[in-house]
Number of protein chains: 2
Amino acid sequence: MQRLPAGAAAASPPKGQADRSKMTPGARAWNLMFEILRASKPFMETVAGEFDLTPQQLYALRNLSTERAVTMSEFATLLGCDASNVTAVADRLEARGLCERRSAASDRRVKALVLTPAGIELYGRVAERMQQPPPAIDNLSVADQNELGDLLERALNSL
Amino acid sequence: MQRLPAGAAAASPPKGQADRSKMTPGARAWNLMFEILRASKPFMETVAGEFDLTPQQLYALRNLSTERAVTMSEFATLLGCDASNVTAVADRLEARGLCERRSAASDRRVKALVLTPAGIELYGRVAERMQQPPPAIDNLSVADQNELGDLLERALNSL
DNA sequence: TATTGTTATACTCTATAACTATA
DNA sequence: TATAGTTATAGAGTATAACAATA
């Protein structure tokens with residue numbers, strides 16, 4: 001292992017992140033969005049932890065409906081991961097008593113997830129807690145939050 | 001396992017996601033930002049895969065400077081994870097020949113990461129590739145991208 | 001034969017706690 | 001004693017491939 005000159009670590013700017021002044025407008029917006037997400041990670045972990053869930057489990061719970069069953073393959077699509085994966089995700093939620101598998105009468109290969117009463121109750125508490133956004137968003141004025149929402153809605157609807 | 005009535009899965013709206021019409025402006029903006037990130041996951045995996053990296057490894061590479069060494073503890077802060085974790089992250093980048101550890105002359109406990117020539121070369125190619133944002137952002141007009149960037153910059157700078 | 005979901009397997013990412021070597 | 005980094009360990013999340021049950 002080579003040596004580093006003494007004091008070399010303090011020679012340049014304090015952060016190692018990318019220089020946004022050289023980016024295209026789209027790349028700049030994307031980079032900022034990504035950095036806000038990274039900065040909000042502790043917030044997300046804290047919120048999920050309040051319900052004794054991991055961030056992924058909280059997201060999974062939010063993707064189960066209170067009104068209809070979600071098949072395993074639909075669940076995989078909603079979560080954006082492989083079908084082999086959602087088995088374990090569903091297992092962990094089921095072990096917590098938040099949802100259960102039901103087999104479909106029309107096709108006995110299909111299994112669907114429905115929230116249990118405990119799952120519905122937790123879903124509601126989570127939804128209420130999610131009214132509070134992380135600091136980066138919360139610090140904006142309501143006018144800015146609305147404008148941001150409009151722009152992001154346009155972006156999401158363009159897909 | 002209980003039975004699900006035939007056809008029940010088609011009774012309600014097609015998606016299981018949260019209803020944004022009942023959210024506060026901040027919660028709505030946050031939810032939309034999060035959904036755009038989820039939708040952009042395949043894009044991020046594809047881009048990282050083009051360089052034979054995982055998304056996390058690509059982000060780690062982007063947080064190494066081309067101009068100064070980054071200590072392991074700084075690296076942990078930049079990546080937002082525990083110090084015990086960055087050892088393995090650095091190991092994998094080092095195994096790829098992208099960076100190497102140097103011991104600081106001033107304090108021999110400290111180890112810092114510097115990019116190798118191969119790491120600097122890949123860093124540059126990654127930075128160029130990152131000029132292309134994911135579809136959700138790319139589909140916006142340049143005016144919208146700039147406005148979005150300004151709002152997000154305000155949000156990030158508020159932290 | 002094709003499809004739905006599961007299991008087996010393996011790797012990345014993550015944290016906690018114990019450890020080494022410096023300071 | 002305290003700090004920087006590592007190692008040991010464990011668990012969540014992820015994908016690929018092989019498998020069972022059903023269609």
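Chain A is the first sequence line, chain B the second, and so forth, proteins listed ahead of strands; every chain is numbered from 1. FYI, side chains are in, hydrogens and waters are out, and symmetry mates aren't considered; it's all heavy atoms of this structure. Because the structure is a prediction, the values reported are computed rather than measured.
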Toss me the dot-bracket line for DNA chain C: Watson-Crick and G-U wobble, both under 3.5 Å, 5' to 3', using | for pairs to another strand and [ ] for crossers. |||||||||||||||||||||||

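- A:Arg38 forms a cation-pi arrangement with B:Tyr59, by the criterion of a distance under 6.0 Å to the ring centre and an angle within 45° of the ring axis.
- The side-chain heavy atoms of B:Leu53 and B:Leu122, taken from C-beta on, include a pair separated by under 4.5 Å.
- Residue B:Asn85 places none of its side-chain N or O atoms closer than 4.0 Å to OP1 or OP2 of C:dC13.
- If you check every strand for non-hydrogen atoms under 4.0 Å, B:Ser84 touches a base.
- The structure places OG1 of A:Thr54 at 7.5 Å from CZ of A:Arg92, a figure rounded to the nearest 0.5 Å.
- Between the CG atom of A:Asp82 and the P atom of C:dC11 there is a distance of 17 Å, given to the nearest Å.
- Taking B:Asp144 as the reference, A:Arg154 meet the salt bridge (Lys or Arg N to Asp or Glu O under 4.0 Å) condition, with sequence neighbours excluded.
- Mapping A:Lys41 and A:Thr87 onto DNA chain C via the closest heavy atom, the residue that lands nearer the 5' end is A:Thr87.
- At least one side-chain heavy atom of A:Leu61 sits under 4.5 Å from a side-chain heavy atom of A:Leu115.
- A:Asp91 has its CG atom 15 Å from the C1' atom of D:dT14, to the nearest Å.
- Checking the phosphate oxygens (OP1, OP2) of D:dG13, a side-chain nitrogen or oxygen of A:Arg92 falls inside 4.0 Å.
- As rounded to whole Å, 16 Å separates atom P of C:dT14 from atom CD of A:Gln57.
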Going through the checks in order, is the side chain to side chain contact (heavy atoms under 4.5 Å, CB included) test met by B:Met130 and B:Leu58? CA-CA 11 Å; B:Met130 301 284 261; B:Leu58 188 145; 3.6 Å; yes

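- In this structure, the CZ atom of B:Phe75 is 11 Å from the P atom of C:dT14, given to the nearest Å.
- Side-chain nitrogen and oxygen atoms of B:Arg108 include none within less than 4.0 Å of the OP1 or OP2 phosphate oxygen of D:dG5.
- Straight-line distance from the CE atom of A:Met44 to the C1' atom of D:dA12: 16 Å, rounded to whole Å.
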Polar pairs (N or O, both sides) under 3.5 Å between protein and nucleotides 2-4 of chain C?
| from | atom 1 | to | atom 2 | distance (Å) |
| --- | --- | --- | --- | --- |
| C:dT3 | O4' | A:Arg109 | NH1 | 3.3 |
| C:dT3 | O2 | A:Arg109 | NH1 | 2.7 |

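- When the P atom of C:dG5 is taken as reference, atom CZ of A:Arg101 falls 10 Å away, rounded to whole Å.
- Nearest nucleotide to the B:Cys81 side chain, out of C:dA15, D:dA15, D:dG13: C:dA15.
- Distance CG (B:Leu53) to C1' (C:dC11): 15 Å, rounded to an integer number of Å.
- Taking 4.0 Å as the cut-off between side-chain N and carboxylate O, A:Arg20 and A:Glu35 do not count as a salt-bridged pair.
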Verdict with supporting geometry, B:Ile137 and B:Leu148, side chain to side chain contact (heavy atoms under 4.5 Å, CB included): CA-CA 9 Å; B:Ile137 305 300; B:Leu148 178 60; 4.0 Å; yes

Show the numbers, then the answer: is there a side chain to side chain contact (heavy atoms under 4.5 Å, CB included) between B:Arg68 and B:Glu74? CA-CA 12 Å; B:Arg68 59 180 271 274; B:Glu74 284 171 345; 3.3 Å; yes

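- Rounded to whole Å, atom P of D:dA15 lies 11 Å from atom CD of A:Gln56.
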